[in-house]
Amino acid sequence: MNENNLQNQAQNPGNIQYPGNNQNMGNYQNPGNNQPGGSGAYGNPVPGKTKVCKYCKTPMDISAKICPNCRKKQSHTVRWIVLGIIALIVIVSIAGGSSSNSKKVGTTGDGSVSSGDNNDSSNAGNTKDTYNVGDILQTDSLRISYVSVEDYVSDNMFIQPESGKKYIRAKFEFENIGKSDTFVSDMDYSCYADGYSCDQKYGFDGTLSATLSSGKKTNGYVYYEVPADATSIVIEYSDNYFSDKKISFVVK
């Protein structure tokens, strides 16, 4: 080998030939990445069609599954989030459509309760049914008795109504007529006086909170602070968190 050949090889090391390799190192191609834009697992980033590695923040081809820098597999977090949202929407839709209108089945005064097969025509088709003290109503899974309502005077000097207001309490009885356990609570109620929302009061005896097995009963009170001069007071109950259907109990 003469002096000129040695100088050429020193200046062009990519032309050095290796045994068993018929391609020079300067022309080496990354397997699976010999098409414009990269079609393999790694891919070369193409302007306007790139994404960033979630681990090392290296730009890469949008279709690449493995980062060319850190070699970590890219997960599909966004896809799972979207699927989760879709699943939640489906669940909410099913739950929201499962609540039926209530119907009156008797009164507490005469102790009569019908089988519930015949709808009370005055309530049929309503999404906000209205009941008075003494009424017994029924939904798909609950039988509810509106037992009583009255003004309430607290004997706790630290829990007293504001000036110009008073406390009221209403008593309800629940029976689980469904096939599975159900939870009832005073948190399922709201109250309005002359159209304005009223504050629910806690810390008193006998408040509603129970998980009922099929065929079991419970009773308890809900307490509210209302204007003393209110002309219209209504307590609303919802047996389904995902539904806008309400059951209204008239106080006055």
Side-chain angles (χ1 to χ4, degrees), residues 84-85 87-109 111-117 119-120 123 126-150 152 154-156 159 167-192 197-226 233-251:
I85 292 174
L88 180 60
I89 291 174
V90 172
I91 293 172
V92 170
S93 298
I94 294 174
S98 64
S99 179
S100 63
N101 293 330
S102 62
K103 56 188 176 183
K104 181 178 177 179
V105 295
T107 59
T108 59
S112 63
V113 179
S114 71
S115 63
D117 294 334
N119 260 330
D120 184 344
N123 291 327
N126 293 337
T127 58
K128 185 178 285 188
D129 302 329
T130 303
Y131 298 93
N132 297 300
V133 174
D135 287 343
I136 301 174
L137 59 120
Q138 186 170 298
T139 66
D140 284 345
S141 59
L142 291 170
R143 183 175 289 125
I144 307 170
S145 300
Y146 184 14
V147 179
S148 64
V149 65
E150 61 187 354
Y152 177 73
S154 172
D155 58 4
N156 187 330
I159 306 178
Y167 292 149
I168 62 170
R169 70 175 183 180
K171 185 177 182 179
F172 297 90
E173 180 175 286
F174 285 81
E175 179 183 359
N176 182 2
I177 59 174
K179 296 181 179 180
S180 59
D181 291 359
T182 188
F183 178 70
V184 295
S185 169
D186 55 357
M187 299 295 291
D188 298 326
Y189 286 86
S190 55
C191 180
Y192 299 90
S197 177
C198 300
D199 292 333
Q200 190 168 8
K201 307 307 292 185
Y202 304 97
F204 298 127
D205 295 334
T207 54
L208 275 170
S209 182
T211 298
L212 298 178
S213 301
S214 179
K216 304 304 181 183
K217 299 180 181 181
T218 190
N219 59 55
Y221 295 95
V222 292
Y223 295 81
Y224 287 95
E225 183 177 18
V226 301
I233 302 175
V234 176
I235 296 175
E236 290 187 347
Y237 172 76
S238 174
D239 65 341
N240 189 324
Y241 180 80
F242 298 105
S243 174
D244 60 354
K245 297 176 181 178
K246 306 291 184 181
I247 299 171
S248 297
F249 298 98
V250 177
V251 175

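Here, residue 1 is the first one in the sequence, and each next residue gets the next number.
How far CD1 of Ile177 is from NZ of Lys216: 15.5 Å, rounded to the nearest 0.5 Å. In this structure, the separation between SG on Cys198 and CD1 on Ile168 is 7.0 Å, given to the nearest 0.5 Å. To the nearest 0.5 Å, atoms CG (Leu212) and CG (Leu142) are separated by 7.5 Å. Atom OG1 of residue Thr182 and atom CG of residue Asp140 lie 11.0 Å apart, to the nearest 0.5 angstrom. Atom OH of residue Tyr224 and atom OH of residue Tyr192 lie 9.0 Å apart, to the nearest 0.5 angstrom. One distance of note links CG of Asp186 with CD1 of Ile235; it measures 11.0 Å at 0.5 Å rounding.
The two atoms that bring Phe183 and Ala210 nearest to each other are CD1-O, 3.3 Å, heavy atoms only. Taking every heavy atom of both residues into account, Tyr167 and Ser154 meet most closely at CE1-CB, 4.0 Å. Contact record, Lys245 with Ser238: O-OG, 3.9 Å, taken as the closest heavy-atom pair. In terms of heavy atoms, Ser214 sits closest to Gly178 at OG-O, 2.5 Å. Taking each heavy atom of Met187 and Tyr202 in turn, the nearest pair found is SD-OH, 3.4 Å.
A 4.5 Å side-chain heavy-atom check between Phe249 and Val149 finds every atom pair outside the cut-off. Using a 4.5 Å cut-off on side-chain heavy atoms (C-beta onward), Thr107 and Asp135 make contact. Here the side chains of Val251 and Val226 are not in contact, with every heavy-atom distance at 4.5 Å or above.
Side-chain N/O atoms of Tyr152 and Glu150 include no donor and acceptor closer than 3.5 Å.
Figure legend: cation-pi geometry between Arg169 and Tyr221, with NZ or CZ positioned under 6.0 Å from the six-membered ring centre and within 45° of its axis.
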Would you please test Phe204 and Ile159 for side-chain contact (heavy atoms from CB on, under 4.5 Å) and show each step? CA-CA 9 Å; Phe204 298 127; Ile159 306 178; 3.5 Å; yes
Apply side-chain contact (heavy atoms from CB on, under 4.5 Å) to Ile144 and Val184, showing your working. CA-CA 11 Å; Ile144 307 170; Val184 295; over 6 Å; no
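Ser102 places no side-chain N or O within donor-acceptor distance of the main-chain N or O of Leu137, the cut-off being under 3.5 Å. Within the 3.5 Å criterion, the main-chain N or O of Val250 finds a donor-acceptor partner in the side chain of Tyr146. One N or O on the side chain of Asn176 and one on the backbone of Ser213 form a donor-acceptor pair closer than 3.5 Å. Not one N or O on the side chain of Ser145 forms a donor-acceptor pair closer than 3.5 Å with the backbone of Val147.
None of Gln138, Lys217, Glu173 except one satisfies the side chain to side chain contact (heavy atoms under 4.5 Å, CB included) rule with Arg143; the exception is Gln138. Under the ring-ring contact (aromatic ring centres under 6.0 Å, His included) test applied with Tyr237, the options Phe172, Phe174, Tyr131 reduce to a single match, Phe174.
The environment of CG in Asp205 is sparse: at most 12 heavy-atom neighbours from other residues, nucleotides or ligands sit within 6.0 Å.
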